[in-house]
Amino acid sequence: MRIEYTLKKKDKNTEARHGSIKTNYGEYETPMFMPVGTKATVKGLSKEELAAVGRGIILANTYHLWLRPGEDVIDKCGGLHKFMNYEGPILTDCGGFQVFSLIQNKEKDITEEGAKFKSHLDGTELFLTPEKSIEIQNKLDSDIAMSFDECPPYPVTYDYMKQSVERTIRWAERGKKVHKNDHQALFGIVQGGEFTDLREYSAKETVKLDFDGYSIGGTSVGEPKDVMYKMIEDGVRYLPEDKTRYLMGVGDPIDIIEGVIRGIDIFDCVLPTRIARHGQAFTRTGKINLNNAKYITDMSKLDPECDCYTCQNYSKAYIRHLITTKEMLGGRLLSIHNIRFLIKLTEELRKAIDEDRVLEYREEFIKKYSKKSP
RNA sequence: GCGGCGUUGGUGAAGUGGUUAACACACUGGUUUGUGGCACCAGCAUGCAUGAGUUCGAUCCUCAUACGCCGCC
């Protein structure tokens, strides 16, 4: 069993689709938001807390687990699921994005063979290749592995992007050849930056290699929103209907809606947990900062419409106190809330798709979300 | 009562006879999109105990007053 996508309902007016993914751990509905658990943990949350925010896939990171504790350690411990005691699907990132942020000189350090960069822990020089990335992911034993790609910054020249896209396709092919884990799916990644013809080329060539699902990469690297939305359209257009489409690294609520409208099935993002640790929460009426003095005696919930554990039990005033005193419970409670917020958003999007009212849903959501909260 | 030393923002403090009084913490905002976790960015003393004087110009020099600490009677 690898992974199977089933289209259940397509929105009449957009590319939005409600589907399901059959995994080693059962069937999961899309559109879906995947919380990020980089180092084999969604920062601060237990598996019970994770289960309570909604059913879904979680993401773990190849680069971080390669460094610590090492793929062989996890292999000896019985694989990622057993190691974490997590009985749900796990997707592993390929490490490409970390490489992109750690390399010194992209012209010199990225070669046909792979990418050279320095460890963020101790500066040790490291070299990651498509084969190595897949080999690590095979050992981690995640349910979905990602092809090793280059994620260029924004902006780069057309010529640079062209040769980068071509190399990423060759890397995808090399990775696929060494992929040896028959209960692990392998996804390909579409690159091409903001260049429409390169997105087309990248999508078509990647699809030719026949992966279990496809991802739109190279977004949210500093480009304006309209450029990002166009990147999604330019890539999704050439992807097969019967395979999962994954938009990497996107998790702003409005971006999720825009992605769904353009045919994306799954998303992952550090945003909900990162902003939580810095004291911010998503609410129906916009993002709020719990550090703000105005919440000092505000005994109301973060979001009156939210059904999460945090909103059922704690007030803004208390969470503000935890955040300003740097108590760890604060970041945990906000993480639970923010992840639940995004998962609930995808649940509502599924319903809107079933009712052919995704565009209305977007309009209502944005109208409310853009209003500054009291 | 006498003598010595001191008094800089919410706090700890640096500093200079001459444009915007350093830095840190706290505080007030903002940022964060395939996580280099608890970070980053910005704002925050029209004023240096109070009053008078010297000087072109004083937080800085002089005097007085107040307050604080230390010593002596």
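We use all heavy atoms of the structure for the numbers below, so side chains are in, but hydrogens, waters and symmetry mates are not.
- Around atom NZ of A:Lys351, no more than 12 heavy atoms belonging to other residues, nucleotides or ligands sit under 6.0 Å away.
- At whole-Å resolution of the value, CE in A:Met146 and C1' in B:G34 are 8 Å apart.
- In the model, A:Asp122 has a side-chain atom that pairs as donor or acceptor with a side-chain atom of A:Thr124 under 3.5 Å.
- One interatomic measurement links the two molecules: CZ of A:Phe97 to C1' of B:G36, which rounds to 11 Å at whole-angstrom precision.
- Taking all atoms of both residues into account, the shortest heavy-atom contact from A:Leu91 to A:Ile57 is N-CG2, 3.8 Å.
- Within the 4.0 angstrom heavy-atom criterion, base atoms lie near A:Lys225.
- Picking from B:G34, B:G36, B:U35 the nucleotide with the shortest atom distance to the side chain of A:Cys151 gives B:G34.
- Looking at heavy-atom distances under 4.0 Å, A:Thr273 makes contact with a base.
- With a 3.5 Å ceiling on both atom-pair distances, the Watson-Crick or G-U wobble partner of B:G68 is B:C5.
- Atom P of B:A21 sits at a distance of 10 Å from the matching atom of B:U46, rounded to the whole Å.
- Among the protein residues, A:Leu102 comes within range of the nucleic acid bases, having at least one heavy atom under 4.0 Å from a base atom.
- The pair A:Glu131-A:Lys177 does not meet the salt-bridge criterion, since no charged nitrogen lies less than 4.0 angstrom from a carboxylate oxygen.
- Taking a 4.0 Å limit (strictly below) on heavy-atom distances, residues 237-264 of chain A reaches RNA chain B at A:Met248, A:Gly249, A:Val250, A:Gly251, A:Asp252, A:Asp255.
- If you take CG of A:Asn291 and C1' of B:C27, they are 11 Å apart, rounded to a whole angstrom.
- Relative ring orientation between A:His120 and A:Tyr63 is described as tilted, the plane-to-plane angle lying within the 30° to 60° band.
- Only A:Arg320, listed by number, bring a heavy atom of residues 318-353 of chain A to less than 4.0 angstrom from any atom of RNA chain B.
- With hydrogens and angles left out, the side-chain atoms of A:Tyr318 and A:Asn313 include no donor and acceptor closer than 3.5 Å.
- Between the P atom of B:U33 and the CZ atom of A:Phe267 lies a distance of 17 Å, rounded to the nearest Å.
- Between B:G6 and B:U54, the two C1' atoms lie 23 Å apart (nearest whole Å).
- Between B:C72 and B:G12, the two P atoms lie 29 Å apart (nearest whole Å).
- Nucleotides B:U65 and B:C73 have their P atoms positioned 25 Å apart, rounded to a whole Å.
- Using a 3.5 Å distance cut-off with no hydrogens or angles, the side chains of A:Glu348 and A:Tyr361 do pair a donor with an acceptor.
- Here the shortest heavy-atom pairing between A:Ile3 and A:Ala185 reads CG2-CB, 3.7 Å.
- Heavy atoms of A:Asp149 sit under 4.0 angstrom from at least one base atom.
- When all heavy atoms of A:Pro253 and A:Leu342 are compared, the closest pair comes out as CG-CD2, 3.9 Å.
- As judged by a 4.0 angstrom heavy-atom cut-off over every strand, A:Gln191 is placed among the base-contacting residues.
- Taking atom C1' on both nucleotides, B:G30 is separated from B:U20 by 24 Å, rounded to a whole Å.
- B:C61 and B:C5 are spaced 12 Å apart, taking the P atom of each and rounding to whole Å.
- With a 6.0 Å radius and a threshold of 12 heavy atoms from other residues, nucleotides or ligands, A:Lys12 has its NZ atom at or below the threshold.
- When Watson-Crick and G-U wobble pairs are counted only if both distances are under 3.5 Å, B:G47 pairs with no nucleotide at all.
- The side chain of A:Arg274 contributes no N or O atom lying less than 4.0 Å from OP1 or OP2 of B:C38.
- Put simply, NZ on A:Lys294 is 12 Å from C1' on B:G30, counting in whole angstrom units.
- B:U59: no Watson-Crick or G-U partner with both key distances under 3.5 Å is found in any strand.
- Nucleotide B:G37: unpaired (no Watson-Crick or G-U wobble partner with both distances less than 3.5 Å).
- A close approach under 4.0 Å does occur between a side-chain nitrogen or oxygen of A:Gln98 and OP1 or OP2 of B:G36.
- A parallel orientation is assigned to the rings of A:Phe365 and A:Tyr369, their planes being inclined by less than 30° (bins at 30° and 60°).
- Atom P of B:A49 sits at a distance of 14 Å from the matching atom of B:A14, rounded to the whole Å.
- Here, B:U35 and B:C40 have their C1' atoms 15 Å apart, quoted to the whole Å.
- Checking B:G17 for Watson-Crick or G-U wobble geometry (two distances, each under 3.5 Å) identifies no partner in any strand.
- For the segment residues 38-57 of chain A, residues with any heavy atom less than 4.0 angstrom from an atom of RNA chain B are, sorted by number, A:Thr38, A:Lys39, A:Lys43.
- Remark: A:Asn61 is in phosphate contact with B:U35, judged by side-chain N or O atoms under 4.0 Å from OP1 or OP2.
- Distance from the side chain of A:Cys269 is smallest to B:G34 among B:G34, B:C38, B:U35.
- Distance NZ (A:Lys287) to C1' (B:U33): 10 Å, rounded to an integer number of Å.
- To the nearest angstrom, C1' of B:G34 lies 14 Å from CG of A:Leu128.
- Within the 4.5 Å cutoff, the side chain of A:Ser20 has heavy atoms near those of the A:Lys8 side chain.
- Of the charged side-chain nitrogens involved, at least one lies within less than 4.0 Å of a carboxylate oxygen, so that A:Asp234 and A:Lys230 count as a salt-bridged pair.
- Checking the phosphate oxygens (OP1, OP2) of B:G29, a side-chain nitrogen or oxygen of A:Asn292 falls inside 4.0 Å.
- Put simply, CZ on A:Phe117 is 11 Å from P on B:G36, counting in whole angstrom units.
- Checked by atom type, the side-chain pair A:Ser147/A:Asp149 shows no donor-acceptor distance below 3.5 Å.
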Quiz prompt | Derivation and outcome, side-chain hydrogen bond (donor to acceptor under 3.5 Å, both in side chains), residues A:Glu113 and A:Thr129 | solution = CA-CA 6 Å; A:Glu113 180 57 17; A:Thr129 66; 5.2 Å; no

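- Pairing partner, B:A24: B:U11, with both Watson-Crick or wobble hydrogen-bond distances short of 3.5 Å.
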